[in-house]
There are 2 protein chains.
Amino acid sequence: MASSEPIVPSSRVAANHAATRTAAGRLRVAVPSVADRVADELRLQLAEGALLPGTRLTESTIAEDLGVSRNTVREAFVELASERLVVRHPNRGVFVASLEAGDIHDVYTVRRAIEVSAMRAGGSPENVAAVRAAVEEGKRAAAAGDDEALGTANQHFHGAIVAMAGSPRLNSIMGQVLAEMRLFFHKATVDAQFYHHYLKDNETICLALESGELDRAADLLQAYLDRSEDNLSEVHGEAGTD
Amino acid sequence: MASSEPIVPSSRVAANHAATRTAAGRLRVAVPSVADRVADELRLQLAEGALLPGTRLTESTIAEDLGVSRNTVREAFVELASERLVVRHPNRGVFVASLEAGDIHDVYTVRRAIEVSAMRAGGSPENVAAVRAAVEEGKRAAAAGDDEALGTANQHFHGAIVAMAGSPRLNSIMGQVLAEMRLFFHKATVDAQFYHHYLKDNETICLALESGELDRAADLLQAYLDRSEDNLSEVHGEAGTD
DNA sequence: ATCGAAGGATTGTTGAACAATCTGTAAATT
DNA sequence: AATTTACAGATTGTTCAACAATCCTTCGAT
């Protein structure tokens, strides 16, 4: 189930390469710890759908698979739990998180707050260009019939919107929220129609943004998110087979 | 510096008493793990100002002080780092986080997004009553000349605003942000005037909320946060003695 | 069928060990 | 004198092994 490589590579996922500054002022690139690489590897497998919601993650198994100690796996679990990607049940183990109906609403509440706020504040020309780029990326993916890429492009679109605020904390929150949603998509196997439906909306919102009509763009975005939540809630009703 | 009690009590801070459900459906109250209690204890000391920003937290020292093993302290550190209350410098140690000028702006960006959004959506009568209660709590504290309580009341006020959204995730984000700000206040020793100045604003905002003028209340809140950020940035300029 | 008592498995936590890395100091060099 | 180098001490990063506590399952008794 997990990779059989003895040691986890350190560059597959965009890691938090925190650059520190030593006492003398020399710049020092922080090498990711083993625990971080384990967390990265698990995050990757979660994003790819290799580990589906509800799956149990046994410490010893993962430790062996990745060739690290149990304690190290444990540290990674604490981190992933704080990102809500896994849930820790005391004395029972950790499980891949699974979004319930209430969670979907909650996630969208966060997205509405963050995305709409970022949109209302607008961003630099470069930021706006990044939003446009994500829209075009989506069009290309749709033309090529690549549904996987279409979903990715959509996430880029919303990520670019939040990035306009230029806030590391908002970016990180948004990243976590999108990671949570990815988890859900793999469980529910949302069909491609889901994304195609929103291609035009993205274009419209982007146009409003580019013409400086921030309030209108924000309202459109809000409506978009409301509709998106409704759609996903329906999907959830069908998917909840447990 | 740290408590000399051999074991950390488990009830001093509002812990995440995650209630699990066993296979048979029986409800099970999760007893906080030692690592969680260590994290709670450190959170408490950080909130109380017993550990000032920049302070180094040595693993072995804390392990001895609290009578737990280094590995357990380590787990607590991972958690606190994910909340940005401490910063981990690889191979150098963990330090109590310290808000720089950019961080203050960033924190307020998050607050604007979350609080204003919650205010625009409004809340149930109970939620509004909680906001009112926080306002009155602040008045009482001011009348009693208790500056500490005044600051707490102010945080309750903003916490209650976010709570209107009824979103666990937003509440948790807001909790973290407020914890970060508490850290800053202890370093900068903001004077009492800072809070007194905002007593009237809280009242005004609360009135607008109670009369159902959500958009106006949201605008007032936004202006409030802008001003608050400016004030704090000034304070930061004076406080940054390093 | 319900209940309770083993048994096995997994987690929670500890303690010790060791390599890697950092910090500060003292010696050596220019 | 200033800079570099070398070294020793301390702390972190990680592993390993052990054991108690807890959970889940199975088996047996009622």
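These figures come from a predicted structure and were not determined experimentally. Each chain gets a letter, A, B and so on, in the order its sequence line appears, and its residues count up from 1. These values consider heavy atoms only, across backbone and side chains, with no hydrogens, waters or symmetry-generated copies.
With D:dC16, C:dG12, D:dG13 as the choices, the nucleotide that has an atom nearest any side-chain atom of A:Arg88 turns out to be C:dG12.
In this structure B:Asp146 satisfies the side chain to side chain contact (heavy atoms under 4.5 Å, CB included) test together with B:Glu148, B:Ala149, sequence neighbours excluded. By the ring-ring contact (aromatic ring centres under 6.0 Å, His included) test, A:Tyr198 is found to be paired with A:Phe194, A:Tyr224, residues two or more places apart in sequence or in another chain being considered.
Side-chain atoms of B:His158 do not come within 3.5 Å of backbone N or O of B:Glu115 as any donor-acceptor pair. No donor-acceptor distance shorter than 3.5 angstrom exists from the side chain of A:Arg56 to the backbone of A:Val94, with no hydrogens or angles considered.
Rounded to whole Å, atom P of C:dG12 lies 10 Å from atom CZ of A:Phe77. Rounded to whole angstrom, the span from the CD atom of B:Glu75 across to the C1' atom of C:dT11 amounts to 11 Å. As a whole-Å value, the separation of B:Asn71 CG from C:dT14 P is 9 Å. Atom pair B:Leu66:CG and C:dT14:C1' shows a separation of 15 Å (rounding to whole Å applied). When rounded to the nearest whole Å, the span between CZ of B:Phe95 and C1' of D:dT11 equals 11 Å.
The side chain of A:Arg70 places no N or O atom within less than 4.0 Å of a non-bridging phosphate oxygen (OP1 or OP2) of D:dT14. Distances shorter than 4.0 Å separate some side-chain N or O of A:Thr72 from OP1 or OP2 on D:dT15.
No side-chain donor-acceptor contact under 3.5 Å links A:Ser233 and A:Asp230.
Residues B:Leu52 and B:Val96 share a closest heavy-atom pair of O-CB, 3.4 Å.
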Short heteroatom pairs, N/O only, protein and nucleotides 8-10 of chain C, under 3.5 Å:
from	atom 1	to	atom 2	distance (Å)
C:dT10	O3'	A:Arg56	NH2	3.3

